[in-house]
Number of protein chains: 2
Amino acid sequence: MTTHASHLRTDISGNTEDVVNRRSHEPAYEQICNLLREKISKGIYLPGSRLPSESELRRIHKVSPMTVRRAIQLLLDQGIVTTVQGSGTFVKAPDLGGATFSLNEFYDIFKDQDRAKVKLLEARTLKADADTAARLQLSEGQRVLLLRRLLLKDGDPVIFHKEYLIYDPFRPVIETELEVTTLYGLFERNGQTCLKRGNLTLEAMVLNPEEAGLLNTMPLQPAFRIEHLFYDFDETPISWGQFICRGDKLRFKTMVGFDLSR
Amino acid sequence: MTTHASHLRTDISGNTEDVVNRRSHEPAYEQICNLLREKISKGIYLPGSRLPSESELRRIHKVSPMTVRRAIQLLLDQGIVTTVQGSGTFVKAPDLGGATFSLNEFYDIFKDQDRAKVKLLEARTLKADADTAARLQLSEGQRVLLLRRLLLKDGDPVIFHKEYLIYDPFRPVIETELEVTTLYGLFERNGQTCLKRGNLTLEAMVLNPEEAGLLNTMPLQPAFRIEHLFYDFDETPISWGQFICRGDKLRFKTMVGFDLSR
DNA sequence: AAGTGGTCTAGACCACTAT
DNA sequence: TAGTGGTCTAGACCACTTT
């Protein structure tokens, strides 16, 4: 029972007090969270072991229950601990499954509008084939709008985008649609957000000669394929397509385990 | 000012009351969160627009301030809204950058130990080359342990794993190390967690003849490459290596935007 | 000045787990 | 039964934005 308290007292880092610093602009719950995370990262609280109970933490740091709970909520959000009602709060072991790759790395490529330019290769209507019709919930043969774009970064082609859009002759989005030269506003057609959600899948692929030609590289080079299917607020499919991104231009990075810097 | 209130009153779904259901086992903050999310997903609160203020929500749902704050905290965690102090809570527009791919799909492949088997191809010590030494913070020529494993799912090879481990003759982890036949306990060497954190990078690649042979497929097929660098609690690099996963066996899925089901 | 979100208190009661 | 985490209250004060 006094184990935790002695841990706290024998903490080497004399610079961090256990009683929260009220003068600091850092909120109390954040201070407590960081203190606990530091101890976990140092191995003072090992994976699988129990953290001091909320009432103990309350006494140690001289704060109210809600403040302690917020600190622990933060640790929960960060995937560092798990709580078991009636039992305690336990340090999680890091696991590979918890890692996530953010599309930010991909998105960043065409986010800065100075260096990235979009070239429209093709824009025409055609009759939907079986695949496209199924994806967009149309009947085969209905007309869809095909867009093919190339995204250039510093003049080099990096991403090839092919997209089939619902074609509604009564809603002439087409003209403004073609003006999309940044891909930045993919969710902001006609000036306002009309897309509600989308499904994305990420695959590894090998470039065929046509794709390689477009992307100014050699065939048989590796690439990422990101397929998308966007829906509007009526749950109607609006757009189906894919981004093909040169493998040598994109790399997803992430961390697993305890990250002190966060 | 009364706009939001009228929105609430004109809500079509008569089944959901605005006053929280105290009899329900679903916590009040979750009910409020879901109610708001439903309205956002229906387009009643459009991206960019302001949600009712916390005091309004407090009056509407007849709850205390903390309860409303928790509901909004949930929406924040889910990336659905942003808050601006002194101004309000606003519906976020969905953006591609917010999407994340979980490594769960990858991890799942060798998680169920019935269908997945690990075959140890090679285990030997060798002198570290420049790359390996740099990664593991050793000097070139120091001995490291090389492990090469093949992961089979239902008898088919799916993932090839090559790993360089710090070789410490005084700590004979080697024997138990070789017993790792599931990759499940990658973080649990010697029965207890000794790895603290790891860096991962995901790349697209094309299989060379050797890799294709190991993975029982054809050369020039697409694949994912996941490079890893694991550290222990001393911040010492312990393991550097890569997983090569057949592209046709792995596909990352995710969603972007408003997901009601979550 | 009025309204908004952000932090925090000092309790209460409940559900669950250990013993 | 005692201890744990989970929910919730009814306020307080602060920092900030809007008007």
Side-chain angles (χ1 to χ4, degrees), chain A residues 1-5 18-36 45 48-92, chain B residues 1-5 18-36 45 48-92:
Chain A
M1 185 164 288
T2 52
T3 14
H4 299 299
D18 285 335
V19 175
V20 293
N21 179 4
R22 278 8 247 254
R23 294 185 311 262
S24 165
H25 279 187
E26 190 185 29
Y29 68 90
E30 208 171 303
Q31 290 183 45
I32 297 171
C33 167
N34 286 332
L35 212 68
L36 290 171
Y45 299 134
S49 70
R50 216 201 72 189
L51 250 50
S53 77
E54 297 190 0
S55 55
E56 284 179 286
L57 290 170
R58 218 162 60 210
R59 278 197 301 274
I60 292 166
H61 300 105
K62 305 252 200 303
V63 292
S64 73
M66 282 305 299
T67 306
V68 162
R69 307 219 83 238
R70 288 196 67 178
I72 286 169
Q73 186 59 50
L74 275 186
L75 294 175
L76 275 171
D77 291 346
Q78 294 166 12
I80 292 178
V81 301
T82 42
T83 53
V84 181
Q85 185 171 135
S87 177
T89 304
F90 300 89
V91 181
K92 269 214 284 191
Chain B
M1 186 164 288
T2 52
T3 15
H4 299 298
D18 284 336
V19 175
V20 293
N21 180 5
R22 279 9 251 250
R23 294 185 311 262
S24 165
H25 279 187
E26 191 184 30
Y29 68 90
E30 208 171 303
Q31 290 183 44
I32 297 170
C33 167
N34 287 333
L35 211 69
L36 289 170
Y45 300 134
S49 70
R50 217 201 70 189
L51 249 50
S53 77
E54 297 190 0
S55 55
E56 285 179 287
L57 290 171
R58 218 161 59 209
R59 279 197 301 274
I60 293 166
H61 299 106
K62 305 252 201 302
V63 291
S64 74
M66 282 305 299
T67 305
V68 160
R69 305 220 84 238
R70 288 198 64 179
I72 286 168
Q73 186 59 49
L74 275 186
L75 294 175
L76 275 171
D77 291 346
Q78 294 166 13
I80 294 179
V81 301
T82 42
T83 54
V84 182
Q85 186 172 131
S87 177
T89 304
F90 300 89
V91 181
K92 270 214 284 191

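In this text the structure is predicted, and so the values were computed from the model without any measurement.
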Spacing between E54(A) atom CD and dT7(D) atom C1', to the nearest angstrom: 11 Å

Please report, rounded to the nearest Å, how far the P atom of dT7(D) is from the CD1 atom of I32(B). 13 Å

So, does S53(A) get its side chain near the phosphate of dT4(D), meaning an N or O under 4.0 Å from OP1 or OP2? yes

Hey, does the side chain of T89(A) come within less than 4.0 Å of dG5(D)'s phosphate (OP1/OP2), counting only N and O? yes

Applying side chain to side chain donor-acceptor pair (under 3.5 Å), can you list everything that pairs with S87(B), at least two apart in sequence or on another chain? none

Could you please spell out the steps behind the salt bridge (Lys or Arg N to Asp or Glu O under 4.0 Å) verdict for R50(A) and E56(A)? CA-CA 12 Å; R50(A) 216 201 72 189; E56(A) 284 179 286; 3.4 Å; yes

Does a side-chain N or O of Y29(A) approach OP1 or OP2 of dT7(C) to a distance below 4.0 Å, or not? yes

Can you list every pair that meets salt bridge (charged side-chain N to carboxylate O under 4.0 Å, His left out) and has a residue in residues 79-92 of chain A, with sequence neighbours left out? none

Just how far, in rounded Å, is P of dG3(D) from CG of L57(A)? 16 Å

For L35(A) versus H61(A), what's the shortest heavy-atom pair and its separation? CD2-NE2, 3.6 Å

Check every strand shown and say whether R70(B) touches a base, only sugar-phosphate, or nothing at a heavy-atom separation below 4.0 Å. sugar-phosphate

Could you tell me how far apart R23(A) (CZ) and dT7(C) (C1') are, to the nearest whole angstrom? 18 Å

Interatomic distance where CD belongs to Q73(A) and C1' belongs to dC8(C) [whole Å]: 17 Å

In whole Å, I'd like the distance from the CD atom of E30(B) to the P atom of dT7(D). 8 Å

Counterpart residues, side chain to side chain donor-acceptor pair (under 3.5 Å), relative to T67(A) (two or more places apart): S64(A)

What is the per-nucleotide protein-contact pattern of nucleotides 9-18 of chain D, from the 5' end, where B denotes a base atom under 4.0 Å from a protein heavy atom, S denotes such proximity for sugar-phosphate atoms only, and - denotes neither? BBB---BBB-

When every non-hydrogen atom of V91(A) is compared with those of V81(A), the smallest separation belongs to CA-CG1, 4.3 Å

Take the C1' atoms of the five end pairs on each side of the helix from dA1(C)-dT18(D) to dA18(C)-dT1(D), get both axes, and report the angle to 10 degrees. 0°

Rounded to the nearest angstrom, tell me the gap between atom CZ in R50(A) and atom C1' in dT4(D). 8 Å

Output the rounded distance in Å from CG (L36(B)) to P (dG5(C)). 12 Å

Q31(A): which residues meet the side chain to side chain donor-acceptor pair (under 3.5 Å) condition with it, sequence neighbours left out? none

Please round to the nearest 0.5 Å and tell me the distance separating atom CG of L51(B) and atom CD1 of I72(B). 6.5 Å

Starting at CG of L75(A), measure out to CD1 of I32(A) and round the result to the nearest 0.5 Å. 10.5 Å

